[in-house]
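Everything below concerns the one structure shown next.
Lettering of chains follows the sequences in order, A, B, ..., and the numbering in each one begins at 1. Hydrogens, waters and symmetry mates are skipped; everything else that's a heavy atom, side chains included, is used.
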Protein chains: 2
Amino acid sequence: MHIYWKVRLLEIRQLRYFMQVCESGSLLKASEVLFISHQALSKSLSLLEKELGAALFYRTPKGMIPTQFGQELLEDSRPILAEWDQLNLKLEESATRHKGKIRLGLSGGLIYFGSKKIWEYFKELHPHTEIEPYEHGYIEGLKCLKAGTLDAVVISDYENTDGFITYSLPSTRRLLIVEKSNPLASKEELEIKDLRNEKFILCINDFAYNKFLRLCQAEGFTPDVRRTSDTVYMYKLCSEDGLCGLCIDSNTSNLVPKYPELRAIPFKDNAFPYPMMLAVRNNYPKPTLIKELVDFLTYSLNSVLY
Amino acid sequence: MHIYWKVRLLEIRQLRYFMQVCESGSLLKASEVLFISHQALSKSLSLLEKELGAALFYRTPKGMIPTQFGQELLEDSRPILAEWDQLNLKLEESATRHKGKIRLGLSGGLIYFGSKKIWEYFKELHPHTEIEPYEHGYIEGLKCLKAGTLDAVVISDYENTDGFITYSLPSTRRLLIVEKSNPLASKEELEIKDLRNEKFILCINDFAYNKFLRLCQAEGFTPDVRRTSDTVYMYKLCSEDGLCGLCIDSNTSNLVPKYPELRAIPFKDNAFPYPMMLAVRNNYPKPTLIKELVDFLTYSLNSVLY
DNA sequence: CCCTCTTACGACTACCGTAACGATA
DNA sequence: TATCGTTACGGTAGTCGTAAGAGGG
């Protein structure tokens with residue numbers, strides 16, 4: 001059984017009709033402006049008056065003249081209807097504001113963004129926005145951004161010296177990869193100073209590399225680091241040659257388990273985090289799209305990370 | 001054939017639903033607040049998103065999280081919905097604000113207000129307001145107003161020395177009544193100075209009487225005036241004894257024609273007008289009612305007068 | 001099993017348009 | 001007659017509720 005009980009509330013339409021009649025001075029003229037029949041308009045107003053319990057107009061053979069009550073309602077309605085129209089205007093534009101393309105660079109360790117699914121989901125949410133994802137090394141990505149062949153780049157540890165507009169994305173942890181035979185492997189958490197005597201093979205970009213150097217130097221030593229741009233190679237050297245590596249949270253569930261002789265250990269107080277950013281070319285014309293993308297990535301990353 | 005072509009416009013309901021979901025964080029909770037089923041709510045939102053061309057929420061197993069676009073809409077909606085609620089609140093009160101009684105005194109020459117019809121029309125327009133009309137001499141009316149047994153009095157030529165709140169009503173003309181044999185009867189318009197040698201029988205209140213004296217004295221003479229409170233008696237003396245009287249516009253269509261030997265002549269530039277006012281006891285609790293009454297009387301008088 | 005949101009279907013009703021009518025100048 | 005407003009009637013479409021289902025924790 002339906003309980004289709006409906007408290008009739010004032011709707012914007014009624015107010016708009018009422019106001020137009022005030023302005024036009026007669027039902028007929030108002031009905032022409034409103035693109036409805038004057039009969040429907042008459043009924044709408046009568047109903048409104050009945051609901052309010054008082055007349056809004058004097059009916060004359062010359063037209064409709066608002067009563068005192070009508071004049072008061074008119075004054076109260078004007079600002080609301082104005083704001084309402086403004087909002088509607090803005091929303092009508094919204095299709096335009098959301099129409100556009102973002103050529104998006106994804107560097108190195110962020111490949112998991114490349115999974116088609118995430119962009120399909122974005123497309124579903126924002127059918128008028130097109131994301132074109134490209135995978136690059138971070139240097140190439142920034143070069144394209146500068147050249148204007150990319151609109152935005154997702155990059156980690158970025159220290160902006162190029163004047164790009166940047167947005168923070170959720171950070172994740174960085175973890176040390178060591179052989180289980182390494183004494184460090186027994187620890188639950190690491191501090192930077194624990195790394196004093198280790199040798200490293202690192203797959204990280206320049207920004208992160210410099211950060212790592214600074215962190216170690218603050219503890220009074222310079223680490224022995226070799227670098228690579230090949231993740232698999234890094235894991236190989238760690239497991240075969242006993243070097244230390246660095247990975248991030250998502251690797252611990254994906255890659256690390258494939259190397260049973262390795263362990264990933266977090267840093268105490270997330271001392272060496274993995275901050276992600278979106279860098280955007282500063283003359284990109286649709287900031288709305290970027291904001292939406294940042295929001296989406298933030299949401300998605302948080303869902304993935306936690 | 002119906003051209004039932006309707007441009008679907010955003011309605012306040014949709015916005016309210018949207019906002020409640022933002023605040024409640026899930027469809028189910030919001031639907032309980034809104035007293036509708038969560039299914040209907042789901043549909044309403046999906047429709048809204050479709051209309052706007054972009055998603056307003058991320059759907060999660062924990063609830064609805066607004067996207068960037070959703071957050072923007074929320075911010076834009078908040079002030080409008082707040083104003084809207086305020087207006088609705090005011091309108092809900094309106095039945096209360098219009099509920100009340102006015103004990104209304106009508107003095108002397110304003111008897112035509114007493115015609116039941118006009119108050120029936122008022123009742124039709126404002127069913128929650130009750131007008132109780134009483135007919136008095138103007139002195140008695142003001143006395144009742146002072147005593148609090150009347151709420152308001154319609155009175156002419158009133159010079160307020162009692163601290164009542166007064167409202168102007170439409171003025172009408174005052175005309176001189178003379179026998180057609182009187183030389184003045186040949187004139188189309190009169191000036192005050194034309195009255196220098198006449199004798200008067202006047203049915204006017206003290207305020208108007210004093211005004212008349214002042215007008216004549218400004219022209220350098222004092223008129224020979226007898227007064228009466230009986231209109232018919234005035235007409236009698238005018239037609240039988242050749243005295244001059246004063247009447248107002250409405251009398252010229254009602255009473256004057258009954259005395260074929262009389263003529264009513266207006267004053268040049270409406271030099272001696274007939275101003276009407278509404279005097280209200282200053283502690284009357286419902287100013288809204290009074291304003292509505294003033295508006296109504298103004299409208300009615302203008303319809304009658306012009 | 002609980003919560004989340006969605007889809008499908010049937011029913012109610014608000015609104016509109018057409019037509020006819022009443023009143024005023 | 002022309003212009004104003006109202007009442008009556010039938011059809012469309014929007015919105016609701018109920019029922020059923022998919023998915024995550």
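The CG-P distance, from A:Leu27 to C:dC21, rounds to 20 Å in whole Å. Put simply, NZ on A:Lys43 is 10 Å from P on D:dT7, counting in whole angstrom units. Between B:Glu11 atom CD and C:dA14 atom C1' there is a gap of 12 Å when expressed in whole angstrom units.
A:Ile36 has its side chain within reach of A:Tyr17: a pair of non-hydrogen atoms, C-beta onward, lies under 4.5 Å apart. Under the 4.5 Å side-chain criterion, counting only non-hydrogen atoms from C-beta, B:Arg16 is in contact with B:Leu34.
Of the candidate nucleotides C:dT6, D:dT18, D:dT6, C:dT6 has the atom lying nearest to any side-chain atom of B:His38. Of the candidate nucleotides C:dT4, D:dC16, C:dC16, C:dC16 has the atom lying nearest to any side-chain atom of A:Arg13. The side chain of A:Ser37 lies closest to C:dG17, out of C:dT6, D:dG5, C:dG17.
OP1 or OP2 of C:dT4 sits under 4.0 Å from a side-chain N or O of B:Ser26. OP1 or OP2 of C:dC16 has at least one side-chain nitrogen or oxygen of A:Tyr17 nearer than 4.0 Å. At least one side-chain nitrogen or oxygen of A:Arg59 sits closer than 4.0 Å to the OP1 or OP2 atom of D:dT6. For D:dT6, the OP1/OP2 oxygens have a side-chain nitrogen or oxygen of A:Ser42 closer than 4.0 Å.
Map A:Pro61 and A:Gln39 each onto its nearest nucleotide of DNA chain D; the residue landing nearer the 5' end is A:Pro61. With the nearest nucleotide of DNA chain C identified for both A:Lys62 and A:Ala40, A:Ala40 has the one nearer the 5' end.
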Item to complete: Apply the test salt bridge (Lys or Arg N to Asp or Glu O under 4.0 Å) to residues A:Glu292 and A:Lys286: give CA-CA distance (whole Å), side-chain angles for both, the deciding distance (0.1 Å), then the verdict.
Response: CA-CA 10 Å; A:Glu292 199 70 66; A:Lys286 299 257 186 178; over 6 Å; no

Practice prompt. Quick one: do A:Phe296 and B:Phe69 satisfy ring-ring contact (aromatic ring centres under 6.0 Å, His included)? Show the steps, please.
Written response: CA-CA 11 Å; A:Phe296 174 76; B:Phe69 183 46; over 10 Å; no

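Residue contacts shown for B:Phe57 are absent, as no nucleic acid heavy atom lies under 4.0 Å away.
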